[in-house]
Amino acid sequence: MTLLCENRVAIVTGAARGVGREHALLLAKHGAKVVVNDLGAAVDGTGADVSLAQQVADEIIAAGGEAIVNGDDVGSFDGAKNMVDQAINTFGQLDILVNNAGILRDRMLVNMTEEEWDSVIHVHLKGTFAPTRHAAAYWRAKSKESDGPVYGRVINTSSTSGIYGNVGQTNYGAAKAAIAAFTVIAARELGRLGVTVNAISPSAYTRMTDYLREYTEEEIEARDPRWVSPTVVYLASEEAGDITGRVIQAGAGMVAVCEGWRRGAEVEAMDDPVALGPKIREMVAKVRKNVGMDGFELD
Ligand SMILES: NC(=O)c1ccc[n+]([C@@H]2O[C@H](COP(=O)([O-])OP(=O)(O)OC[C@H]3O[C@@H](n4cnc5c(N)ncnc54)[C@H](O)[C@@H]3O)[C@@H](O)[C@H]2O)c1
């Protein structure tokens, strides 16, 4: 078997269950030493229990791999630093960071509370920024020391909820769209260090999605997280060193590259809104429509 991440050191956040657990197991299978991070929260972000993360680490060790547990909150700046330091102090280096941890606090906008907004932004968006920020500082220092590029891979987790737009999730979708933007910008900043930054947009049957509707056995199998993780492991590999700033959908029967915002129709600037109005209407009618949750144009 070709090992894509042999002797690499990886952090996977939110790796106790669902998609993150599968990432951790597959990275380990491909030779990575893994820091299994998970606060052990309920789906709404409340509570804490590291025993599930310990089970994942035990599973990796039982299969002959190396793993440790970290129970920090990824949205805490100091907690994220502790997690990055723990990886480096235990395994001597950090090569791969998979930002996966997440929670849901769905609510229609008119009823959303400040706490529902803040908690989702904290775990997803700050929980992507904080670990990446500390990993990037480590890679920059390493690059200065060696006077050359380093091996660094960041794989973030976006969602169709953000990049395409899902009703009832202004908090979650805004965080996930921001993670896609963060990915593009961080890729541009860190490229010169040799670090790639990509994001996946998973589709999987987990506790985060199982309540949405009834799924058939076939649909559950097609949404098994094991269909998502191969994209992460490939993006973490040496071979994928030239892929950066991308958002890739994975799971539920497909892998698809998402295309980002781009400039559409345009007219010359005008200082009269009355004259500009019809021009804006002409342009809006001409350009491609926004897409629905399947990524295709709405009728
Ligand atoms: N399942 C899907 O179809 C789907 C779709 C789009 C995006 N996603 C994203 O994929 C990621 C994984 O989702 P999942 O479906 O596996 O959900 P999940 O609830 O099974 O797993 C999320 C994990 O994150 C952990 N976590 C929560 N807050 C944390 C914090 N502050 N610090 C550390 N860990 C924390 C939880 O304890 C949990 O184990 C999330 O970012 C989610 O938004 C999932």
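Order of listing sets the numbers, starting from 1, for every ligand and every atom in it. Nothing here was measured: the structure is a model prediction, and the numbers come from that model.
- In the hydrophobic cluster analysis, where Ile, Leu, Val, Met, Phe, Trp and Tyr join through side-chain heavy atoms closer than 4.5 angstrom, I248 is grouped together with I96.
- Counting heavy atoms closer than 4.0 Å to ligand 1, residue K176 contributes side-chain atoms (C-beta onward) but none from N, CA, C or O.
- E266 and R263 are joined by a salt bridge, as a carboxylate oxygen and a charged side-chain nitrogen come within less than 4.0 angstrom of each other.
- Among the atoms of V19, some N or O lies under 3.5 angstrom from an N or O of ligand 1.
- The distance from ligand 1 to the heavy atoms of D72 drops below 4.0 Å at these ligand atoms: 32 (N), 33 (C).
- The side chain of T209, and not its backbone, has at least one atom closer than 4.0 Å to an atom of ligand 1 (non-hydrogen atoms only; side chain from C-beta on).
- When heavy-atom distances to ligand 1 are checked against a 4.0 Å cut-off, V123 comes that close only through its side chain, counted from C-beta outward.
- At a heavy-atom distance under 4.0 Å, no atom of R21 approaches ligand 1.
- For atom 27 (C) of ligand 1, the candidate residues are G45, G102, G14; the nearest heavy-atom contact is made by G102.
- Remark: R8 qualifies as a cation-pi partner of Y151 under the 6.0 Å distance and 45° angle criteria applied to the six-membered ring.
- Side chains of S161 and Q169: a donor on one and an acceptor on the other come within 3.5 Å.
- Taking every heavy atom of both residues into account, V274 and P278 meet most closely at O-CD, 3.1 Å.
- Contact annotation for Y172 and ligand 1: only side-chain heavy atoms (C-beta onward) come within less than 4.0 Å of the ligand.
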